[in-house]
Peer 1: 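I am attaching a structure below and will ask some questions about it afterwards.
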Amino acid sequence: MNNPKKQLLNGEWKLIWIENSVLAQTQKEYTSIAALESSDFSAVSAAVPGNFEIDLLNAGIIDNPYYSTNILAMQKFECMHLFYYRRFDVEGLNDPEPYLHFEGVDTVADIYINGSLVLSCGNMFIAHEIQLHHLRTYGNEIIVHIKPAVIEARK
């Protein structure tokens, strides 16, 4: 898919993290921003590209994981589901073949556009690309649900 017109989704996103056992108890599907924002889970500002440790550090949730033995405290996040999300508009919606291109998504993830699953990823070292359908000019939603790798590996 060669679309010469690119619209970057880099920049400010939101991040919600949910413990695996808590997510299992809620028995809810978080495939829309409304579902995420109406939950009792806290959201912080996040940067894409980036990583959740830096986002949590910038939000004052954790101490610097790169200092002393602070990295050991990060083990409590091994079983967390991460939900990165944002809204976006699409310029030139009538251009042929709108597609989504990720340079890398952390290991195991599901990507939702406007509530529909459009891509499941299982390798963070390769780019992922998918043609998109049913986009709107304004108010599209993207959610990237990064699943805990330690739990997915057990499967």
Side-chain angles (χ1 to χ4, degrees), residues 6-91 100-130 132 134-155:
K6 290 184 181 181
Q7 182 172 334
L8 297 177
L9 295 180
N10 295 353
E12 188 165 329
W13 289 54
K14 292 287 188 180
L15 167 64
I16 289 178
W17 62 101
I18 306 171
E19 167 68 42
N20 186 64
S21 61
V22 173
L23 184 64
Q25 289 173 1
T26 65
Q27 298 182 353
K28 290 186 179 178
E29 293 285 326
Y30 294 103
T31 60
S32 72
I33 291 176
L36 285 168
E37 290 181 341
S38 67
S39 72
D40 291 333
F41 304 111
S42 298
V44 297
S45 292
V48 172
N51 68 45
F52 84 97
E53 293 93 349
I54 300 302
D55 297 328
L56 295 179
L57 175 64
N58 289 339
I61 306 295
I62 63 169
D63 292 326
N64 186 340
Y66 307 109
Y67 177 75
S68 186
T69 59
N70 291 350
I71 194 66
L72 298 175
M74 296 305 298
Q75 288 178 335
K76 67 183 176 189
F77 291 98
E78 287 182 347
C79 293
M80 296 287 180
H81 290 258
L82 307 174
F83 292 86
Y84 280 87
Y85 64 94
R86 69 172 287 176
R87 289 182 177 86
F88 66 98
D89 300 330
V90 178
E91 299 174 14
L100 182 64
H101 178 88
F102 282 92
E103 289 295 324
V105 179
D106 195 2
T107 312
V108 182
D110 288 335
I111 299 168
Y112 298 88
I113 300 287
N114 297 329
S116 296
L117 179 66
V118 297
L119 181 64
S120 291
C121 306
N123 187 333
M124 68 187 290
F125 297 111
I126 62 172
H128 297 281
E129 190 171 276
I130 184 145
L132 298 176
H134 310 297
L135 288 177
R136 303 180 290 254
T137 303
Y138 301 104
N140 293 287
E141 297 182 355
I142 183 169
I143 296 173
V144 178
H145 173 195
I146 300 173
K147 299 176 182 181
V150 296
I151 292 172
E152 293 298 313
R154 290 181 191 135
K155 294 179 180 177

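The analysis underlying the following values was restricted to heavy atoms, covering all of them including side chains, and did not include hydrogens, waters or symmetry mates. Nothing here was measured: the structure is a model prediction, and the numbers come from that model.
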Peer 1: For a 4.5 angstrom cut-off between non-hydrogen side-chain atoms, does I113 reach L132?
Peer 2: yes
Peer 1: Taking side-chain hydrogen bond (donor to acceptor under 3.5 Å, both in side chains) as the definition, give me every residue that meets it alongside E152, ordered by chain and number, with sequence neighbours left out.
Peer 2: K155
Peer 1: Quick check for you: to the nearest 0.5 Å, what is the distance between L36 atom CG and K28 atom NZ?
Peer 2: 10.5 Å
Peer 1: With heavy-atom distances below 4.5 Å as the criterion, would you say the side chains of W17 and I61 are in contact?
Peer 2: yes
Peer 1: If you compare all heavy atoms of A46 against all heavy atoms of K14, which two are closest, and at what distance to 0.1 Å?
Peer 2: CB-C, 4.2 Å
Peer 1: Show me the pairs that pass side-chain hydrogen bond (donor to acceptor under 3.5 Å, both in side chains) and involve residues 105-126, at least two apart or across chains.
Peer 2: D110-S120, D110-K147, N114-R136, N114-N140
Peer 1: Any side-chain hydrogen bond (donor to acceptor under 3.5 Å, both in side chains) pairs touching residues 32-44, not counting sequence neighbours?
Peer 2: none
Peer 1: With rounding to the nearest 0.5 Å, note down the distance linking CE in M124 to CD in E103.
Peer 2: 13.0 Å
Peer 1: Nearest heavy-atom pair of A35 and E29: which atoms, and what distance?
Peer 2: CB-O, 4.2 Å
Peer 1: With a 4.5 Å heavy-atom cut-off, do L57 and P65 have their side chains touching?
Peer 2: yes
Peer 1: Roughly how far apart are I16 CD1 and Y85 OH, rounded to 0.5 Å?
Peer 2: 4.0 Å
Peer 1: Holding to side-chain hydrogen bond (donor to acceptor under 3.5 Å, both in side chains), I want the full list of residues that pass it with Q25, two or more places apart in sequence or in another chain.
Peer 2: none
Peer 1: Under 3.5 Å, which donor-acceptor pairs do the side chains of residues 73-82 form with other protein atoms, sequence neighbours left out?
Peer 2:
| unit_1 | atom_1 | unit_2 | atom_2 | d |
| --- | --- | --- | --- | --- |
| H81 | ND1 | H145 | NE2 | 2.7 |
| H81 | NE2 | N20 | OD1 | 2.7 |

Peer 1: Quick one: side-chain contact (heavy atoms from CB on, under 4.5 Å) partners of D89, sequence neighbours excluded?
Peer 2: Y138
Peer 1: Can you name the residues that form a ring-ring contact (aromatic ring centres under 6.0 Å, His included) with F102, not counting sequence neighbours?
Peer 2: none
Peer 1: Test of understanding: with side-chain contact (heavy atoms from CB on, under 4.5 Å), list the residues that count as partners of Y67, not counting sequence neighbours.
Peer 2: N64, N70
Peer 1: Taking the side chain as C-beta and beyond, is there a heavy-atom pair between F52 and I146 under 4.5 Å?
Peer 2: no
Peer 1: Decide yes or no for I142 and I111: does some side-chain heavy atom of the first lie under 4.5 Å from some side-chain heavy atom of the second?
Peer 2: yes
Peer 1: Test: salt bridge (charged side-chain N to carboxylate O under 4.0 Å, His left out). Region: residues 55-73. Which pairs qualify, not counting sequence neighbours?
Peer 2: none
Peer 1: Just so I know, are the side chains of Y84 and V105 near enough to count as touching, which here means a heavy-atom distance under 4.5 Å?
Peer 2: no
Peer 1: Taking the side chain as every heavy atom from C-beta outward, state whether I151 and R154 have any pair of such atoms under 4.5 Å apart.
Peer 2: yes
Peer 1: Tell me, do F83 and F41 make a side-chain contact under 4.5 Å, heavy atoms counted?
Peer 2: no
Peer 1: Measuring from atom CD of E141 to atom CD1 of I33, what distance do you get when rounded to the nearest 0.5 angstrom?
Peer 2: 4.0 Å
